[in-house]
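A short write-up of the structure that comes next.
Lettering follows sequence order; numbering is per chain, from 1.
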Amino acid sequence: MHPLDSTTTAEHRAAQLEEALNEAAQVNAELQSRDALKTQFLANISHDLRTPLTAIITHAEILRDGILGPLSEKQRESVTSIISGGRQLLEAVGEILTYARGAANQLTVSPSEFHIAAIVAEVSALNEPLIAKKGLSLAVDVSPIVPALVADREQIMHVVSNLLGNAIAFTPPGGRVWVAVSYASDTGSPSVQVEVGDTGIGIAPEHHDLVFREFAQVDPSPSRRHHGTGLGLTIARRLVELNGGRIWLESRLGEGSRFFFTLPAGAAER
Amino acid sequence: MEARPHILIVDDSAAVTGALRVLFEETGHDVSVAESIRDAVSVAAERAVDVMLLDLTLPDGDGLSALAAMRMQAIEPRVTAALTGRAEPEIAARCTAAGCRAVLVKPVPIAELLARVREWTEG
């Protein structure tokens with residue numbers, strides 16, 4: 001081959017490569033803009049779903065409470081089911097909205113000082129009827145040395161509520177669910193650790209990463225026994241990380257699950 | 001006989017105002033409905049409002065500006081409660097600063113809503 005030819009070939013290849021890179025950059029930009037559109041769509045649709053749901057639930061409560069006249073016991077039961085179905089749907093819609101805002105980086109942290117024990121007590125009380133109904137036992141153990149935290153109270157409450165909700169949902173009747181809060185000050189960065197554990201169905205180690213991924217269900221079949229948006233843990237991870245902590249789990253199939261998250265402590269003194 | 005308390009419901013969703021109208025009319029209140037800031041202000045100009053339930057996103061602007069406009073014309077409701085889609089501290093703070101007595105997240109359980117409104121109209 002003539003040396004001149006090889007130079008030409010090299011130049012030609014370089015040009016080709018540059019073209020390919022440009023194309024890739026264009027495709028990437030296009031994908032990003034579509035992803036932003038999808039996120040905006042999710043936010044809009046969630047808002048539009050809430051409005052009719054609000055009307056449905058309010059009307060159903062008016063009927064249930066006999067404001068339009070007395071109901072038979074069976075009618076009341078039926079209307080009560082409409083309300084609880086509606087509230088469940090509302091929660092799912094709220095999750096989608098939170099996810100969409102998280103994906104669009106629209107979630108902001110409003111820090112305040114609070115005690116995690118108060119949140120654990122509040123969330124436990126809210127879940128008590130469900131725990132009793134399923135015949136589960138709940139144990140709460142908060143170490144007395146846990147200091148006050150500075151974080152977004154609403155967001156941390158959402159995380160605890162999500163983890164406890166999952167623990168209850170995936171634990172068969174007769175099982176145990178627990179929340180334990182401890183404080184680690186011996187490391188360079190002192191932190192508060194919250195554990196939410198259960199004796200439920202557990203998660204195989206190969207699925208541990210999957211559960212934090214958006215829209216993922218370990219069992220995606222339509223006949224699966226546990227339903228949800230598949231966003232709960234994705235949101236929980238996002239919220240924990242926004243507040244400077246981390247979240248992980250320890251679990252094996254059939255041996256229950258233990259979810260942990262940490263939050264930096266000592267921020268109050270800063 | 002004492003006049004029935006006058007409740008003004010401001011929300012651009014007819015589905016939502018319809019449900020609240022039934023609730024309050026059936027429990028001894030006079031109900032007016034407005035779908036915009038402009039409508040809300042003209043209702044308040046016509047008859048004094050005891051309690052205004054105010055949605056924050058209205059077709060002609062931020063719901064809280066209805067409250068500001070009423071205050072300028074000295075036709076402010078005795079009590080205003082904001083009705084919002086989401087409980088966020090910054091929204092709540094904005095409503096309180098604007099003069100709302102309460103910030104309630106839709107759908108407010110009706111037992112709670114009735115109790116609050118009774119407390120404001122009887123107190």
Side-chain angles (χ1 to χ4, degrees), chain A residues 43-70 79-80 82-91 93-102 106-114 126 151-158 161 239, chain B residues 4-5 7 9-29 31 33 35-36 53-59 62-63 81-97 103-118:
Chain A
N44 292 347
I45 201 78
S46 315
H47 180 262
D48 291 347
L49 287 170
R50 287 188 68 94
T51 302
L53 266 174
T54 294
I56 290 169
I57 292 169
T58 307
H59 275 297
E61 287 189 350
I62 290 170
L63 287 174
R64 180 201 59 195
D65 292 0
I67 287 172
L68 296 176
V79 171
T80 303
I82 295 176
I83 296 166
S84 65
R87 294 245 171 225
Q88 262 176 40
L89 201 48
L90 199 66
E91 211 167 288
V93 169
E95 260 186 10
I96 293 171
L97 189 58
T98 307
Y99 163 75
R101 290 160 56 103
Q106 288 172 355
L107 282 178
T108 51
V109 177
S110 315
S112 63
E113 190 176 316
F114 61 88
L126 282 172
D152 189 309
R153 193 182 191 281
E154 290 281 321
Q155 290 177 351
I156 300 310
M157 181 141 167
H158 186 100
S161 174
L239 295 179
Chain B
R4 289 151 62 103
I7 313 293
I9 301 159
V10 191
D11 195 309
D12 64 338
S13 158
V16 170
T17 55
L20 293 176
R21 180 191 277 281
V22 172
L23 173 65
F24 286 107
E25 281 185 348
E26 294 293 327
T27 50
H29 305 82
V31 175
V33 164
E35 290 181 2
S36 62
L53 301 175
L54 182 63
D55 184 31
L56 295 185
T57 46
L58 295 171
D62 178 1
L83 293 184
T84 83
R86 290 168 69 79
E88 273 160 34
E90 53 281 18
I91 294 180
R94 210 160 59 81
C95 295
T96 312
V103 182
L104 307 170
V105 178
K106 291 191 280 188
V108 191
I110 62 162
E112 184 190 336
L113 188 56
L114 277 178
R116 300 298 288 272
V117 168
R118 289 210 168 106

Which portion of [X] sits near chain B, non-hydrogen atoms under 4.5 angstrom:
{"X": "A:Arg153", "answer": "neither"}
{"X": "A:Ser112", "answer": "neither"}
{"X": "A:Ser110", "answer": "side chain"}
{"X": "A:Glu154", "answer": "side chain"}
{"X": "A:Ile62", "answer": "both"}
{"X": "A:Ile56", "answer": "neither"}

(Q) Quick check: closest heavy atoms across B:Glu26 and A:Leu68, and the distance to 0.1 Å? (A)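 Closest approach of B:Glu26 to A:Leu68, heavy atoms only: CG-CD2, 3.5 Å.
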
Q. What heavy-atom pair brings A:Arg50 and B:Lys106 nearest, and what distance separates the two atoms?
A. NH2-O, 2.9 Å

Q.
Checking side chain to side chain contact (heavy atoms under 4.5 Å, CB included) between A:Thr58 and each of B:Leu20, B:Leu113, B:Val22, B:Val16, which is the one that passes?
A.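 Testing each of B:Leu20, B:Leu113, B:Val22, B:Val16 against A:Thr58, the sole residue satisfying side chain to side chain contact (heavy atoms under 4.5 Å, CB included) is B:Leu20.
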
(Q) Please identify which of these residues, A:Leu53, A:Ile83, A:Ile57, meets the side chain to side chain contact (heavy atoms under 4.5 Å, CB included) condition with B:Pro107. (A)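 It is A:Ile57, the one option of A:Leu53, A:Ile83, A:Ile57 that forms the side chain to side chain contact (heavy atoms under 4.5 Å, CB included) with B:Pro107.
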
Q | With sequence neighbours excluded, residues passing side-chain contact (heavy atoms from CB on, under 4.5 Å) with B:Ile91 | A | B:Leu56, B:Thr84, B:Glu88, B:Cys95

Q.
Can you list everything that forms a side-chain contact (heavy atoms from CB on, under 4.5 Å) with A:Gln88? Sequence neighbours excluded, please.
A. none

**Q.** For chain A, the option from B:Ala19, B:Gly18, B:Ser13, B:Gly85 that forms the most heavy-atom pairs under 4.5 Å
**A.** B:Ala19

Give, for atom [atom1] of [X] and atom [atom2] of [Y], the distance between the pair rounded to the nearest 0.5 Å.
{"X": "A:Ile67", "Y": "B:Leu23", "atom1": "CD1", "atom2": "CG", "value": "5.0 Å"}
{"X": "B:Thr27", "Y": "A:Asp65", "atom1": "OG1", "atom2": "CG", "value": "11.0 Å"}
{"X": "B:Asp11", "Y": "A:Thr54", "atom1": "CG", "atom2": "OG1", "value": "8.5 Å"}

